[in-house]
Asks: 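Here you go, one structure.
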There are 2 protein chains.
Amino acid sequence: MSATNSLNAEDLGSAAQRDRRKRILDATIDLASKGGFDAVQMRAVADQADVALGTLYRYFPSKIHLLVSALGREFERTEAARRDVEIPGDTASERVINVLKGTTRGLQSSPHLTEALTRAFMFADASVQAEIHQVGMLLSTMLTRAMHPGQSEPTDDDVAITRIIGDVWLAALVGWVTGRMTAAETGAQIERAVHLILRD
Amino acid sequence: MSATNSLNAEDLGSAAQRDRRKRILDATIDLASKGGFDAVQMRAVADQADVALGTLYRYFPSKIHLLVSALGREFERTEAARRDVEIPGDTASERVINVLKGTTRGLQSSPHLTEALTRAFMFADASVQAEIHQVGMLLSTMLTRAMHPGQSEPTDDDVAITRIIGDVWLAALVGWVTGRMTAAETGAQIERAVHLILRD
DNA sequence: TCCATGATAGGAACACGTTCCAGTTCGTCC
DNA sequence: GGACGAACTGGAACGTGTTCCTATCATGGA
């Protein structure tokens, strides 16, 4: 469906179309960075991206799709930046914590953006499955690499553990975004969970 | 603020006011059960509760507050129903799984209602803190009781474990509500996590 | 009993996500 | 170059959450 309803990065499209898509995502990130979820208004995005409202909806069928796609792009960027640097830490849990804290710190440095993206993620329904799955895979990849640097096949337990940690991380993020936890508390909560699960 | 801006259950209010509040929550649950989040339209709730729109907003300052309050009431009901029955299972993890599966089954038997309430929970911001905290406490109580039936003081680890399990449960629920996981998958995921964390 | 005051009814008005449409532009095939 | 269809523009229109205003109603004090 994404192939017919929206223009994603891989779909060829003309150069002009790829450029429009980029402008739209740039505008989304910019507005989200400044004012969060509420500031990402479809008319404002369209204006700033220099695109008609109808065109915006042709590229992204809803505000949620738009934000989740933007999240995917940002996440991919930061993952790519870390991909080739070795993760510090002597034990698996140290490395996992380092990865999560690094990512979390990145998110917390632009609270509005994080709020917008987390909200979108949480509000998404089945029609955003594809975009969300992509983000989930990126996170698994990062965590798996932290648990077994330079290794190939994670065990079933590894996969399950990765998933649990991802869940805790998401819950902590939601807690932070919705003002129920401070940044410090989210960090402590994640660290605690990783130690309990990886036991060391 | 909840004491000044909205009329919660403890705030006395006249009998007529308590009755209005009840009618509003009843209407909310009814509409949510039938059509989920989108079906809980403020005008429809007001109509069905036989209350003016402005009055509805006087009792609940937003749709999110309304739904989270409704969630709280329902959760409290089911918790109260279980409070005095012994939890089956020989080990802590068996009992925890039983509790979670029972609760999850209850939720999955009214998917629309669960969708509405989970959405609201995920979308809530800091102004709904009080209502959400109440729900969180109820869940902790249930899980703690499952881990240590008839006992008093949970250890720090117990509290942390409870929290992790709650996080996983929430994430699974979100996955289910948003159509990314089937009911069976959520059950398996939770079971897996509990075994890994309580290790047995 | 009558009045003052706050709560409620009823409904208009506004904001923003979403849809839709008429006209224009762009890309492609002859 | 011309014709055709797809994509884009600009903007109107609609639905629903939220706000606001006025008239009516209920209640407690004089």
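Below, chain A is the first sequence line, B the second, and so on; all start at residue 1.
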Asks: I want to verify a distance call: between C:dG17, C:dA9, C:dT19, whose nearest atom is closest to the A:K63 side chain?
Replies: C:dG17
Asks: With respect to B:Q108, which candidate in B:T114, B:T103, B:T186 satisfies the side chain to side chain donor-acceptor pair (under 3.5 Å) definition?
Replies: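 Only match with B:Q108 under side chain to side chain donor-acceptor pair (under 3.5 Å): B:T186.
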Asks: Distance check needed: C:dA7 C1' versus B:R18 CZ, whole Å only.
Replies: 16 Å
Asks: Within the pair A:Y57 and C:dC20, is there a side-chain N or O less than 4.0 Å away from OP1 or OP2?
Replies: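 Answer is no, no contact under 4.0 Å.
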Asks: Looking only at the side chains, is there a donor atom on one of A:S33 and A:D30 sitting less than 3.5 Å from an acceptor on the other?
Replies: no
Asks: Under 3.5 Å, is there any donor-acceptor pair linking the side chain of A:R58 to the base of D:dT9?
Replies: no
Asks: Which whole-number value in Å describes the distance from B:M42 CE to D:dC20 P?
Replies: 15 Å
Asks: If you assign B:L53 and A:F37 each to the DNA chain C nucleotide with the nearest heavy atom, which residue ends up on the more 5' nucleotide?
Replies: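 Counting from the 5' end, the first nearest nucleotide belongs to B:L53.
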Asks: Any idea how B:F123 and A:F123 line up, ring-wise: parallel (<30°), tilted (30 to 60°), or perpendicular (>60°)?
Replies: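 Judged by the thresholds at 30° and 60°, the geometry between B:F123 and A:F123 is tilted.
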Asks: Determine the minimum heavy-atom distance between A:I64 and A:A120, stating which atoms define it.
Replies: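 In this case the closest contact between A:I64 and A:A120 is CG2-O, 3.7 Å.
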Asks: Quick one: is A:R20 getting a side-chain N or O under 4.0 Å of the D:dC8 phosphate, OP1 or OP2?
Replies: yes
Asks: Measure the distance from CZ on B:R21 to C1' on C:dA7 and round it to the nearest whole Å.
Replies: 17 Å
Asks: Name the nucleic acid region contacted by B:D50, choosing base, sugar-phosphate or nothing; use a 4.0 angstrom heavy-atom cut-off, strictly under.
Replies: sugar-phosphate
Asks: Between atom CZ in A:F123 and atom C1' in D:dG17, what is the gap in whole Å?
Replies: 12 Å
Asks: What nucleic acid atoms does B:V45 come within less than 4.0 Å of, heavy atoms only: base, sugar-phosphate, or nothing?
Replies: nothing
Asks: Establish, with yes or no, whether the OP1 or OP2 oxygen of C:dC26 is under 4.0 angstrom from a side-chain nitrogen or oxygen of A:Q17.
Replies: no
Asks: Please pick, from D:dT18, D:dG17, C:dT19, the nucleotide with the shortest atom-to-atom distance to any side-chain atom of B:Q41.
Replies: D:dG17
Asks: Just N and O in the side chain of A:Y59: are any of them under 4.0 Å from OP1 or OP2 of D:dA7?
Replies: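 So the side-chain polar atoms of A:Y59 never come under 4.0 Å of the phosphate oxygens OP1 or OP2 of D:dA7.
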Asks: Roughly, in whole Å, what's the span from CG in A:D19 to P in D:dC8?
Replies: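 Checked: the CG to P distance equals 12 Å.
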Asks: Can you tell me how far the CZ atom of B:F121 sits from the CD atom of B:E131, to the nearest 0.5 Å?
Replies: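 Between B:F121 CZ and B:E131 CD, I get 11.0 Å after rounding to 0.5 Å.
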Asks: Give the rounded distance in Å between these two atoms: CG of A:L66 and P of C:dT18.
Replies: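 Distance, rounded to whole Å: 10 Å.
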Asks: From CZ of B:R23 over to C1' of C:dT8, roughly how many Å is that when rounded to an integer?
Replies: 11 Å
Asks: Without decimals, in angstroms, what is the distance between B:I64 CD1 and D:dT16 P?
Replies: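 Going from B:I64 (CD1) to D:dT16 (P), I get 16 Å.
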Asks: On DNA chain D, check which nucleotide each of A:V51 and A:R43 is closest to and give me the residue with the more 5' one.
Replies: A:V51
